[in-house]
Visitor: 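Have a look at the structure that comes next, please.
In this text the structure is predicted, and so the values were computed from the model without any measurement. The chains referred to below are lettered A, B, ... by the order of the sequence lines, with proteins before strands, and numbering in each begins at 1.
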Amino acid sequence: MVKSNIQSLTKKNSNPFKKIVFLFGPTSVGKTNLLSKLDNNKFSVINADSIQVYKGLDIGSAKVSKDVTEKIHHYLIDILDPREQFTVAKFINEADKAVIKIHQENKIPVISGGTAFYFKHFLYGLSDAPASSIEIREKVESMINERSLSWAYSLLKEVDLVTYNRINENDKYRISRALEVYFDSGKPLSSFDLPSNYRNGIEPLIIGLFREKDEMERRLRLRYSIMVEKGLIQEIRDLVNSGANDEWPGMQGIGYKEFFIAMKSGELTNSQIGDLIIKNSKQYAKRQYTFFKSFSDVNWIHASKEEEIKRMINEYFCK
RNA sequence: GCCGCUUUAGCUCAGUUGGUAGAGCAAAGGACUGAAAAUCCUUGUGUCCCUGGUUCAAUUCCUGGAGGCGGCA
């Protein structure tokens, strides 16, 4: 009865179960340590990190280690070659499949990561706007390069005033996407409404992990030196030898792109690269928090309160 | 010891022909409609090294001093 009700609410990728744990936290806040302590008979993890999905990006992305994934099953790790583009849409699709599978095993999925964009759209779903199309995007981009960004921005004003007003004139990324949608569908992006309720009747437990800034910096510093010990430089070398360049989607990750910057400019010492990585990570963490703070229903909790977090998750399981 | 250059925001440095100053980066805050570890927006921050002098007015010109860099000895 309950099951059919929920199914009638869903459009696609029906998800007959409501319980999903969302564990959000920036890199180095201490998620992995927590996950390793979850009961494998009750939970499985779905990775919500846009870089850890890539094969071969292990050290720089601070990917969960083999001994943790052996303790508790992780979905959406190592599913894509770093030269391929992962997207939110793929994330939702793959995560939905994993959620169904985990629920069938009578477990609860724990969606864990730092990509707030993925969390948001997993919770609410995407609009009906056309999917991103690399061909059209490239067409739009070459138009912008030929004419100018301000030309594209005023074109947007003509075809989609609502989006024009929402987007800044310098935001090439979003201007491109808005025009891409218009060229693809003939309709303005703003005509596609974003859903405002959770998909599939999800009743989530949303946990936001945080730590103080100076503590985060300390952890990031330590983490970088551990990465170097583990062979980060060799990992980069292997990637470059296999043809990696800064155009590869996986290479935009912090901990990778800095090495390409260093190669281009020359003259950056490893410790300067480390400082850059730490700085970029801090700024990224700030952006992650800002985004996640706009979510409703978040239970914010200091990452050091392990017992409390475990209790929350276990109570949710039993509820 | 002598000569030259230099000292301005947390950092690197502009600048004011005399009317108490501004860029980049950092920092803080924010946004987020299929690339999101991406992309973008907003906001300060000052004994202008110290000391006297000239002047209505000195961060700016002059004297003396201190620190830094370079050259000559």
Side-chain angles (χ1 to χ4, degrees), chain A residues 25-29 47-54 57 60-63 80 82-95 113-138 140-141 149 153 156 160 162-182 184-185 187-196 213-214 217 220 246-261 272 275-295:
Chain A
T27 35
S28 92
V29 84
N47 165 249
D49 181 302
S50 62
I51 300 297
Q52 294 191 12
V53 295
Y54 291 113
L57 309 192
S61 75
K63 195 178 282 172
L80 208 62
R83 76 193 78 198
E84 292 178 87
Q85 185 66 253
F86 195 60
T87 65
V88 221
K90 286 180 192 165
F91 172 76
I92 295 170
N93 267 319
E94 296 305 311
T115 306
F117 191 60
Y118 291 178
F119 281 79
K120 178 178 176 179
H121 287 105
F122 185 88
L123 280 162
Y124 292 95
L126 295 165
S127 76
D128 294 323
S132 72
S133 148
I134 293 170
E135 296 80 53
I136 298 176
R137 190 196 308 158
E138 278 172 357
V140 171
E141 253 161 33
L149 186 59
Y153 192 54
L156 182 62
D160 186 352
V162 175
T163 305
Y164 167 86
N165 284 325
R166 189 169 59 81
I167 296 178
N168 183 272
E169 57 179 336
N170 298 319
D171 200 343
K172 188 173 170 184
Y173 193 94
R174 289 191 172 78
I175 294 170
S176 298
R177 168 62 186 160
L179 290 176
E180 176 195 316
V181 168
Y182 179 74
D184 198 349
S185 66
K187 290 197 269 182
L189 175 62
S190 59
S191 69
F192 300 98
D193 287 333
L194 261 190
S196 54
K213 266 192 178 149
D214 48 346
E217 169 145 9
L220 283 166
D246 57 357
E247 306 264 291
W248 284 19
M251 294 303 123
Q252 69 179 325
I254 296 164
Y256 297 97
K257 64 176 173 192
E258 291 80 2
F259 286 93
F260 290 95
I261 292 169
Q272 283 172 317
D275 287 343
L276 233 194
I277 289 173
I278 287 155
K279 186 196 82 185
N280 287 338
S281 302
K282 275 161 59 189
Q283 293 177 336
Y284 174 51
K286 173 75 178 90
R287 273 179 275 133
Q288 287 174 296
Y289 281 130
T290 301
F291 199 169
F292 215 70
K293 271 191 273 177
S294 70
F295 284 41

Visitor: Check every atom of B:U39, B:G30, B:A27 against the side chain of A:Q283 and return the nucleotide holding the closest atom.
Guide: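 Of B:U39, B:G30, B:A27, B:A27 is nearest to the side chain of A:Q283.
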
Visitor: Send over the distance from A:F292 CZ to B:G30 P, rounded to a whole Å.
Guide: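 About 15 Å, once rounded to whole Å.
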
Visitor: Tell me which of A:G255 and A:V181 sits closer to the 5' end of RNA chain B, going by the nucleotide each one is nearest to.
Guide: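 Closest to the 5' end, via its nearest nucleotide, is A:V181.
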
Visitor: Determine whether a donor-acceptor pair (N or O, by modelled atom type, separation under 3.5 Å) exists between the side chain of A:T115 and the backbone of A:Y118.
Guide: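 Checked: no pair found.
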
Visitor: Would you please confirm or rule out a distance under 4.0 Å between OP1 or OP2 of B:C41 and any side-chain N or O of A:N170?
Guide: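 Yes.
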
Visitor: With centres under 5.5 Å and planes under 30°, do A:Y173 and B:A35 count as stacked?
Guide: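 So yes, this residue stacks on that base, both cut-offs being met.
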
Visitor: Taking the side chain of A:D171 as its heavy atoms from C-beta onward, which of B:C40, B:G34, B:A36 lies nearest to it?
Guide: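 Of B:C40, B:G34, B:A36, B:C40 is nearest to the side chain of A:D171.
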
Visitor: Tell me whether A:K187 contacts the main-chain N or O of A:F192 through its side chain, where contact means a donor paired with an acceptor under 3.5 Å.
Guide: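 Pair absent, no side-chain N/O of A:K187 close to backbone of A:F192.
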
Visitor: How would you label the contact of A:Y256 with the nucleic acid (heavy atoms, under 4.0 Å): base, sugar-phosphate, or nothing?
Guide: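 Nothing, no heavy atom under 4.0 Å.
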
Visitor: Syn or anti for B:G52, taking syn as within 90° of 0?
Guide: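 What B:G52 shows is an anti base, its glycosidic angle lying more than 90° from 0.
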
Visitor: What is the distance, to the nearest angstrom, from the CG atom on A:D246 to the C1' atom on B:A35?
Guide: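 It works out to 15 Å between those atoms.
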
Visitor: Do side-chain atoms of A:Q52 reach the backbone of A:S61 as a donor and acceptor pair under 3.5 angstrom?
Guide: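 Yes, the answer is positive, given that a donor and an acceptor are paired below the 3.5 Å cut-off.
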
Visitor: Quick one: which of A:Y124, A:F295, A:F291, A:F292 gives a ring pair (Phe, Tyr, Trp, His ring centres under 6.0 Å) with A:F119?
Guide: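 Exactly one candidate clears the test, A:F292.
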
Visitor: Quick one: A:L179 CG to B:A35 P, roughly how many Å, whole number?
Guide: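 Those two atoms, CG and P, are 14 Å apart.
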
Visitor: Figure out the OH/P separation between A:Y284 and B:C40, and round it to whole Å.
Guide: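 My rounded result for the distance is 16 Å.
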
Visitor: Let me know the distance between CG of A:N280 and P of B:U39, rounded to the nearest Å.
Guide: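 One finds 10 Å between P of B:U39 and CG of A:N280, rounded.
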
Visitor: In whole angstrom, give me the gap between the P atoms of B:U60 and B:C48.
Guide: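 That atom pair is separated by 10 Å.
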
Visitor: Expressed in whole Å, how much space separates the C1' atoms belonging to B:A14 and B:U33?
Guide: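 Approximately 42 Å lies between the C1' atom of B:A14 and that of B:U33.
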
Visitor: Heavy atoms under 4.0 Å, any strand shown: does A:K279 hit a base, just sugar-phosphate, or nothing?
Guide: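 The answer is sugar-phosphate, as A:K279 gets under 4.0 Å only of primed atoms, P, OP1 or OP2.
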
Visitor: Can a side-chain donor-acceptor contact be found between A:K172 and A:S176 if the only test is distance below 3.5 angstrom?
Guide: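 Per modelled atom types, A:S176 and A:K172 side chains form no pair under 3.5 Å.
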
Visitor: Contact class for A:D193 (heavy atom, under 4.0 Å): base, sugar-phosphate, or nothing?
Guide: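 No contact.
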
Visitor: With rounding to whole Å, what would you report as the distance between B:U16 and B:A27 at their P atoms?
Guide: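 Straight-line distance between the two P atoms is 31 Å.
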
Visitor: Under 4.0 angstrom, heavy atoms only, what part of the nucleic acid is A:S61 near: base, sugar-phosphate, or nothing?
Guide: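 Base contact - A:S61 has a heavy atom under 4.0 Å of at least one base atom.
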
Visitor: Using a distance-only criterion (donor-acceptor N/O pair, under 3.5 Å, no hydrogens), is the base of B:G29 paired with the side chain of A:T290?
Guide: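 Donor-acceptor pair under 3.5 Å: no.
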
Visitor: Between B:A28, B:A31, B:A35, which one does the side chain of A:E141 approach most closely?
Guide: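 Ranking B:A28, B:A31, B:A35 by closest atom to the A:E141 side chain puts B:A35 first.
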
Visitor: Under 3.5 Å, is there a donor on one side chain and an acceptor on the other for A:Q252 and A:Y256?
Guide: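 Side-chain D/A pair, A:Q252 to A:Y256: absent.
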
Visitor: Nearest of B:C41, B:G34, B:A36 to any side-chain atom of A:F291?
Guide: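 Nearest listed nucleotide: B:A36.
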
Visitor: Atom CD of A:E180 to atom P of B:U39: distance rounded to whole Å?
Guide: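 Rounded to the whole Å, the gap is 17 Å.
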
Visitor: Nearest to the A:R137 side chain among B:A35, B:G30, B:A36, which nucleotide is it?
Guide: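 The answer is B:A35, which lies nearest to the side chain.
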
Visitor: What is the distance, to the nearest angstrom, from the OH atom on A:Y153 to the C1' atom on B:U39?
Guide: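 After rounding, the reported distance stands at 14 Å.
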
Visitor: When the P atoms of B:C61 and B:U43 are considered, how many whole Å apart are they?
Guide: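 Per the computed distance, 33 Å lies between those P atoms.
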
Visitor: Treating A:Y54 as the side-chain partner and A:E84 as the backbone partner, does any N or O pair qualify as donor plus acceptor under 3.5 Å?
Guide: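 Yes; at least one donor-acceptor contact below 3.5 Å.
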
Visitor: Judged by each residue's nearest nucleotide on RNA chain B, which is more toward the 5′ side, A:S190 or A:A116?
Guide: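 Here A:S190 is the residue nearer the 5' end.
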
Visitor: Output the single nucleotide from B:A35, B:C32, B:G30 whose closest atom is nearest the side chain of A:T87.
Guide: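 In terms of side-chain proximity for A:T87, the closest of B:A35, B:C32, B:G30 is B:A35.
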
Visitor: Ignoring hydrogens and angles, are the base of B:A36 and the side chain of A:R174 linked by a donor-acceptor pair under 3.5 Å?
Guide: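 In this structure, the two groups form a donor-acceptor pair.
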
Visitor: Can you tell me the distance, in whole Å, between the CZ atom of A:R287 and the C1' atom of B:A31?
Guide: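 Taking CZ of A:R287 and C1' of B:A31, I get 12 Å after rounding.
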
Visitor: What nucleotide among B:A28, B:C41, B:A35 has an atom nearest to a side-chain atom of A:K213?
Guide: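 Nearest to the side chain of A:K213 among the choices is B:A28.
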
